[in-house]
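Remarks on the structure that follows.
Remember, it's 1-based here, ligands and their atoms both numbered in the order they're listed.
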Amino acid sequence: MVILKLPEEIEKARASNRIVAEVLSRLRDKVKPGVKTKDLDKFAEEIAEKRGARPAFKGYHGYPHSLCISINEVVVHGMPSDRVLQEGDIVGLDFGVCYQGFYGDATITLPVGRVTDKALRLMQVTEQSLYTGIEQAVNGNRLGDISAAVQKVVEDAGYSVVRDFVGHGIGKNLHEEPQVPNFGQRGRGIELKRGMILAIEPMVNEGHYKVQIQPDGWTVVTKDGSLSAHFEHSIAITDNGPDILSKLS
Ligand code: MF3
Ligand code: CO
């Protein structure tokens, strides 16, 4: 069942996503060669705590950290560790909180120092696919309009869309219906309605879309070892079109 949100509930979700956006924008300033990934996790946790928010991922299905940090060929759910960021890496930072009963969730992928033009283009196309998908998140459209729009941007650029992980509804739960795939057909799927909040999150591989999970049970990597990028926003569907709740300042 898709849960529609009242305007006042959307405002609560906005407050939660504002904290997520603040954390990501402050992490953006921390990402540089030499930084230990578990220090980024600690920093994110501290800001959330200061704002009175609970990190959403910690303990979720047993996930042991607050932030997901996905470097290079890691697609999603990379874990903070003693690993240090290196010049030329690209790093996905995925963060969520629960604040006053509502969840927020967003992801950015950043370059560490100078990166190749190839890596930059992958990140740019992935972010563009997210914004093109968001444009389709309007009352009366179909879910497949979002999915197809994301997929077209990605595939026109010569990349592939991960199939095994998808976006989701979000609200009083981190994951709600509907699932929001980044591939599909225009005009298909459920009708989009005002009051829906969706986390749209394209995961884009430079090579093949196949992924595999590492022995730690979490880290998802591209099967062919190619680079992968990930961007995510939580958006509300309103009478005035899509409202990006997790916009970075
Ligand atoms: N943004 C991801 C998602 O919505 C993060 C979940 S990580 C987990 O699925 F650790 F919480 F599973
Ligand atoms: Co998500």
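Here the Co ion (ligand 2) is the vertex; the OD2 atom in Asp105 and the NE2 atom in His168 give an angle of 90° (to 10°). Here Glu232 contributes OE2 and Glu201 contributes OE2, and at the Co ion (ligand 2) these two atoms make an angle of 90°, given to 10°.
Between the Asp89 side chain and the Leu85 main chain, no donor and acceptor come within less than 3.5 Å of each other. Ser16 places a side-chain N or O within 3.5 Å of a backbone atom of Gly104 that can act as its donor or acceptor partner.
At least one heavy atom of Glu232 lies less than 4.0 angstrom from ligand 1. The shortest separation from a heavy atom of Cys68 to ligand 1 is under 4.0 Å, placing the residue in contact.
A centroid separation of 6.0 Å or more is found between the aromatic rings of His77 and Phe57.
Given atom 9 (O) of ligand 1, the protein heavy atom at minimum distance is His175 NE2, 2.9 Å. Atom 10 (F) of ligand 1 has as its closest protein heavy atom Tyr63 CG, 3.0 Å. The nearest heavy-atom contact from the protein to atom 2 (C) of ligand 1 is Asp94 OD2, 3.2 Å.
Considering backbone and side-chain N/O atoms, Trp218 never comes within less than 3.5 Å of an N/O atom of ligand 1.
Using a 4.0 Å cut-off to heavy atoms of Tyr60, the atoms of ligand 1 that qualify are 11 (F), 12 (F). Those atoms of ligand 1 that come under 4.0 Å of a heavy atom in His168, given as number and element, are 3 (C), 4 (O).
Remark: the Tyr60 side chain and the His175 side chain contain an N/O donor-acceptor pair separated by less than 3.5 Å. Side-chain N/O atoms of Gln128 and Thr132 include a donor and acceptor closer than 3.5 Å. Under the 3.5 Å distance criterion, with hydrogens and angles disregarded, a donor-acceptor pair is assigned to the side chains of Ser228 and Asn205. Judged purely by distance below 3.5 Å, without hydrogens or angles, the side chains of Glu45 and Ser66 pair a donor atom with an acceptor atom. For the residue pair His168 / Asp105, a side-chain donor-acceptor distance below 3.5 Å is found, with atom types taken as modelled. Counted by atom type alone, Asp224 and Ser226 present one or more donor-acceptor pairs between their side chains at under 3.5 Å.
Of the heavy atoms in Asp105, only side-chain atoms (C-beta onward) come closer than 4.0 Å to ligand 1. Neither the backbone nor the side chain of His61 has a heavy atom within less than 4.0 Å of ligand 1. Neither the backbone nor the side chain of Ala56 has a heavy atom within less than 4.0 Å of ligand 1.
Ranked by closest heavy atom to atom 7 (S) of ligand 1, the top entry among His77, His230, Glu201, Lys58 is His77.
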